[in-house]
Amino acid sequence: MKVVVMMIVMDFCLRGSLSGRAFQTLSHLKPHSSDTAQTSAVQDLLRRLIGNRADDFVVTVDSSLASSDGLDTYQLSSVAGGKVLVVGSSGVAAATGCYSYLKSYCGCHISWSGVQLRVPSPLPIVPSPITVTTPNRFRYYQNVCTSSYSFVWWDWARWEKEIDWMALNGINMPLAFTGQEVIWQKVYLSLGLTQKEVNEFFTGPAFLAWGRMGNIHSWGGPLSSNWMNKQYSLQLKILKRMRSLGMITVLPAFAGHIPSSLLRVFPKANVTRLGGWINFNCTYSCSFVLDPEDPLFQRIGGLFMNRLIQEFGTDHVYNADTFNEMTPTSSDPSYLSAVSNAIFKSMVNVDPGAIWMLQGWLFVNNPTFWRPVQIKALLHGTPIGRIIVLDLFAETIPVYQYTESFYGQPFIWCMLHNFGGNHGLFGKVESINKGPFDALLFTNSTMIGTGLTPEGIEQNDMIYELMNEIGWRSMPLNLPEWISDYSDRRYGQKHPYARAAWQLLLGSVYNCTQNWKDHNHSPLVRRPSLKMNTGFCYNKINLYAAWQLFHNAASSLANSSTFLYDLVDVTREAMQLLVTEYYQEIKTAYINEDLERVMTAGGLMVFDLLPELDNLLSSQSQFLLGRWLESAQKTASTKDEAILYGMNARNQITLWGPTGNILDYANKQLGGLIKDYYKERWSLFLWYLIESLNTEVPFQQSKFDEAVFTVEKGFTYNGKTYSSTPTGDTIAIAKNIFIKYFPKKQ
Ligand SMILES: *[C@@H]1O[C@H](CO)[C@@H](O)[C@H](O)[C@H]1NC(C)=O
Ligand SMILES: *[C@@H]1O[C@H](CO)[C@@H](O)[C@H](O)[C@H]1NC(C)=O
Ligand SMILES: *[C@@H]1O[C@H](CO)[C@@H](O)[C@H](O)[C@H]1NC(C)=O
Ligand SMILES: *[C@@H]1O[C@H](CO)[C@@H](O)[C@H](O)[C@H]1NC(C)=O
Ligand SMILES: *[C@@H]1O[C@H](CO)[C@@H](O)[C@H](O)[C@H]1NC(C)=O
């Protein structure tokens with residue numbers, strides 16, 4: 001058995017190195033900062049993280065430590081004076097080594113929801129030196145949508161924390177999309193657009209991701225010069241920090257979408273107008289795509305690239321997605337090849353070393369259009385090795401498997417995991433723990449890395465820590481052992497209840513397998529109707545049992561901030577299930593014309609369960625609507641801007657568009673939002689059902705939709721402020737909810 005395992009390991013290493021070597025075209029993608037500069041960047045990071053205890057570490061970056069095919073490596077050892085020596089082949093490798101030591105030897109934990117950083121003194125000894133080499137050249141991070149769902153209102157302090165998190169977790173290839181509108185604006189103005197035309201084109205801050213992809217324009221805009229200036233200086237800091245840590249940043253490029261006003265200046269431009277995106281009509285959608293063979297395409301692409309590199313420098317990787325969720329006008333392979341060739345040409349004309357990064361989402365989103373022949377045509381429009389494809393949703397629909405490994409183009413195996421930044425415990429641990437290793441062993445595999453591509457972050461910490469570790473492993477890990485260790489580190493003690501709860505979560509909410517059930521479809525966060533999706537992908541008995549264990553552990557883990565976060569999160573998940581159960585009861589009672597039961601179940605849900613949920617969420621800062629709104633306000637410099645950003649922030653998480661175009665897609669479970677949005681909606685629904693039973697006129701969804709839209713829109717413009725500081729005692733609130741609502745019999 002052992003021999004077999006060893007051979008598998010060797011096989012992984014061999015294949016890993018083969019694919020690493022196969023792409024000479026990518027050999028120039030490496031850190032541009034000197035070893036010395038990277039060394040001091042990691043030393044600074046460690047000091048931000050653990051203060052003076054950083055003195056107990058000797059950290060150095062030595063690029064010659066990388067494997068012969070350029071794979072990142074770190075070494076850990078104990079040296080004189082009780083210090084720990086961490087050597088990394090890059091800043092990222094050294095930071096990964098630091099976090100690996102903090103995890104394995106000190107039982108520490110770093111996550112979006114909090115840290116557990118009690119570092120023992122003196123530092124635990126590393127008995128014999130350890131060397132770890134990742135099989136993955138690149139560990140990628142970010143979805144183009146994360147800019148809007150999560151980063152939109154961030155200041156430098158929050159960005160700095162995130163970049164530290166990236167380095168500690170081994171990420172060396174992040175997207176760097178901040179501030180690009182500054183460059184676009186300069187390009188459009190130089191082509192003859194007026195400032196007014198530019199203002200009318202850009203979307204508001206919370207919708208930039210989709211403006212950039214050509215899905216929509218104008219909605220939520222305009223962008224102020226204050227916004228432009230802030231984002232621009234933020235981007236300079238972000239790039240500087242990322243590069244100092246040895247990361248390879250990915251910048252945007254021209255994909256062909258243009259403002260309609262450009263047709264005023266260039267009336268003869270050969271453009272096609274795409275249809276409306278999702279439920280948007282042409283008021284805010286239907287973008288114009290410039291024909292790639294029109295000389296204007298190279299002109300705009302060139303102007304943009306030149307300006308971009310002049311302002312931001314480059315690490316030679318550029319993202320462009322022409323057909324994200326939009327169908328090309330022709331499926332003719334020669335047309336598709338010409339498109340990709342033109343896009344690529346506009347990059348290499350300016351940067352001869354350009355590598356095009358393409359999100360593979362289009363293939364997943366529209367498999368009817370993107371048949372193998374179309375995929376191959378698009379991918380072969382550029383030389384082999386000059387496109388990096390992100391296999392964006394590989395934990396669910398791995399595209400490499402039916403495209404002969406992207407027909408020879410290098411790809412990165414990515415876990416998408418989250419849509420719209422929804423809350424909800426969810427994950428596919430088995431797929432994550434297997435998929436990347438299978439992909440490396442696939443016939444003629446062109447896999448060059450692993451990645452994280454969540455649309456929104458700051459949820460399900462566990463699944464991201466797991467995926468980040470997988471990026472540095474040569475074989476799957478033992479999940480039940482790993483999760484116990486995770487529980488110990490997260491709370492700073494080996495707590496039997498906490499461990500048992502995590503085992504239950506691992507085998508239930510985190511072991512989902514169904515393909516398209518990723519999204520949080522809970523009736524709680526959806527517009528009520530009599531036809532709601534009540535399915536979920538796990539056995540609810542396990543979730544309730546985990547809830548009970550968290551409840552039982554509460555008094556002894558009350559001093560851990562990450563435990564309090566999880567107590568809220570698990571209780572929240574259980575309450576979401578309870579809402580589904582109440583909904584089913586209300587619906588059955590309504591069908592049976594049992595007015596009393598409709599009123600009892602409905603009353604409990606609307607007047608007690610939802611207000612309690614709101615109280616619970618309001619007791620932890622990460623679950624506050626007020627925090628999201630406050631960060632939007634802080635970005636504004638005038639009253640008008642503050643009003644516009646408030647609208648952006650509220651609309652994105654509710655109506656998503658002027659008329660509820662993508663209603664509740666980016667739903668959140670936040671204190672304030674439950675009370676004033678979801679609860680109000682349920683309350684109106686209940687009223688409609690009761691009215692229907694009283695008057696014996698059947699419930700009419702369309703009438704309800706019309707009425708509830710007023711409630712939804714009312715929330716977007718209610719102008720109310722919500723506290724950005726938590727209130728109430730989490731433990732007491734959670735306990736009260738448990739006693740009232742824990743199902744007596746299941
Ligand atoms: C515009 O582009 C389309 C698609 O590439 C092409 O078929 C057509 O000939 C072009 N028209 C002109 C006037 O160049
Ligand atoms: C398009 O949507 C906007 C609101 O987004 C609405 O005002 C307008 O009437 C719609 N136009 C058409 C043609 O439906
Ligand atoms: C793998 O690559 C080899 C060498 O290029 C080729 O002969 C073989 O057909 C490929 N296999 C598959 C399944 O594509
Ligand atoms: C996940 O579920 C599958 C069966 O559906 C099972 O074989 C596997 O052991 C489960 N994994 C965990 C970690 O519970
Ligand atoms: C929390 O309390 C436990 C014992 O009850 C203790 O071992 C642990 O160090 C405390 N943690 C913190 C962060 O104070």
Side-chain angles (χ1 to χ4, degrees), residues 14-15 18-19 21-23 200 203-204 207 210-211 215-221 273 275-287 372 375-376 379-380 384-385 395-396 400-411 425-435 438-447 460 462-463 466-467 469-470 476-487 499-515 517 536-539 541-543 545-546 647-648 651 654-663 709 712-713 716-717:
L14 257 173
R15 304 249 179 179
L18 275 178
S19 52
R21 237 182 273 129
F23 295 108
E200 282 166 0
T203 67
F207 303 97
W210 304 276
N215 303 127
I216 53 171
H217 55 84
S218 322
W219 172 241
R273 188 167 201 195
W277 175 66
I278 313 195
N279 294 318
F280 279 88
N281 70 25
C282 294
T283 304
Y284 294 116
S285 185
C286 308
S287 70
I375 300 179
K376 191 171 184 173
L379 295 178
H380 282 185
I384 291 294
E395 84 275 27
T396 302
Y400 78 85
Q401 288 179 2
Y402 63 86
T403 56
E404 295 168 25
S405 203
F406 292 102
Y407 303 107
Q409 292 288 16
F411 80 95
L425 303 181
F426 178 81
K428 296 186 177 178
V429 286
E430 295 289 356
S431 172
I432 294 164
N433 197 28
K434 188 169 182 291
D438 288 352
L440 216 47
L441 289 176
F442 190 71
T443 311
N444 296 348
S445 177
T446 52
M447 175 177 160
N460 290 291
M462 182 279 267
I463 216 81
L466 178 66
M467 186 60 219
E469 285 195 22
I470 297 286
L477 45 75
N478 179 320
L479 289 167
E481 273 175 26
W482 187 87
I483 204 79
S484 285
D485 183 57
Y486 179 85
S487 173
R499 280 182 163 200
W502 274 105
Q503 294 293 346
L504 286 165
L505 295 176
L506 179 74
S508 57
V509 290
Y510 290 114
N511 194 18
C512 290
T513 47
Q514 285 162 280
N515 275 0
K517 294 290 175 201
F536 40 88
C537 62
Y538 55 90
N539 184 345
I541 295 190
N542 290 332
L543 196 261
M647 189 284 271
N648 270 258
N651 182 274
T654 55
L655 291 171
W656 210 135
T659 54
N661 310 56
I662 321 181
L663 183 65
F709 178 62
E712 292 158 347
K713 205 165 169 182
T716 303
Y717 295 100

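Nothing here was measured: the structure is a model prediction, and the numbers come from that model. Each ligand, and each atom within it, is numbered from 1 in the order the structure gives.
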Is there at least one protein heavy-atom neighbour under 4.0 Å from atom 7 (O) of ligand 4?
no
Sidechain-backbone polar pair: Ser508 side chain, Tyr538 backbone, donor-acceptor under 3.5 Å
no
Answer yes or no: is there a donor N or O on one side and an acceptor on the other, between the side chain of Glu395 and the main chain of Gly435, under 3.5 Å?
no
for atom 14 (O) of ligand 2, nearest protein heavy atom and its distance come out as Asn281 ND2, 3.3 Å
Looking at atom 9 (O) of ligand 3, what's its closest protein heavy atom, distance included?
Asn444 ND2, 4.7 Å
Considering only heavy atoms of Thr283, which atoms of ligand 2 have at least one such atom less than 4.0 Å away?
1 (C), 2 (O), 3 (C)
Identity and separation of the nearest protein heavy atom to atom 13 (C) of ligand 3
Thr443 CG2, 3.6 Å
So, does Asn651 use its side chain to make a donor-acceptor pair with the main chain of Thr716 at under 3.5 Å?
no
With a heavy-atom distance limit of 4.0 Å, tell me whether Tyr284 approaches ligand 2 through its side chain, its backbone, both, or neither.
side chain
With atoms numbered from 1 as shown, which atoms in ligand 4 lie under 4.0 angstrom from a non-hydrogen atom of Gly507?
14 (O)
Drop me the distance from Leu655's CG to Asn661's CG, to the nearest 0.5 angstrom.
8.5 Å
Give a yes or no on whether the ring-centroid distance for Tyr284 and Trp277 is below 6.0 angstrom.
no
Atom indices of ligand 2, in the order listed, that fall short of 4.0 Å to a heavy atom of Pro658
5 (O)
For atom 3 (C) of ligand 4, the closest protein heavy atom turns out to be Asn511 ND2, 3.6 Å
Nearest non-hydrogen protein atom, atom 11 (N) of ligand 4:
Glu430 OE2, 2.5 Å
When you compare the side chains of Ser484 and Gln503, does any donor N or O come within less than 3.5 Å of an acceptor on the partner?
yes
Side-chain donor or acceptor of Ser405 paired with backbone N/O of Tyr400 under 3.5 Å:
no
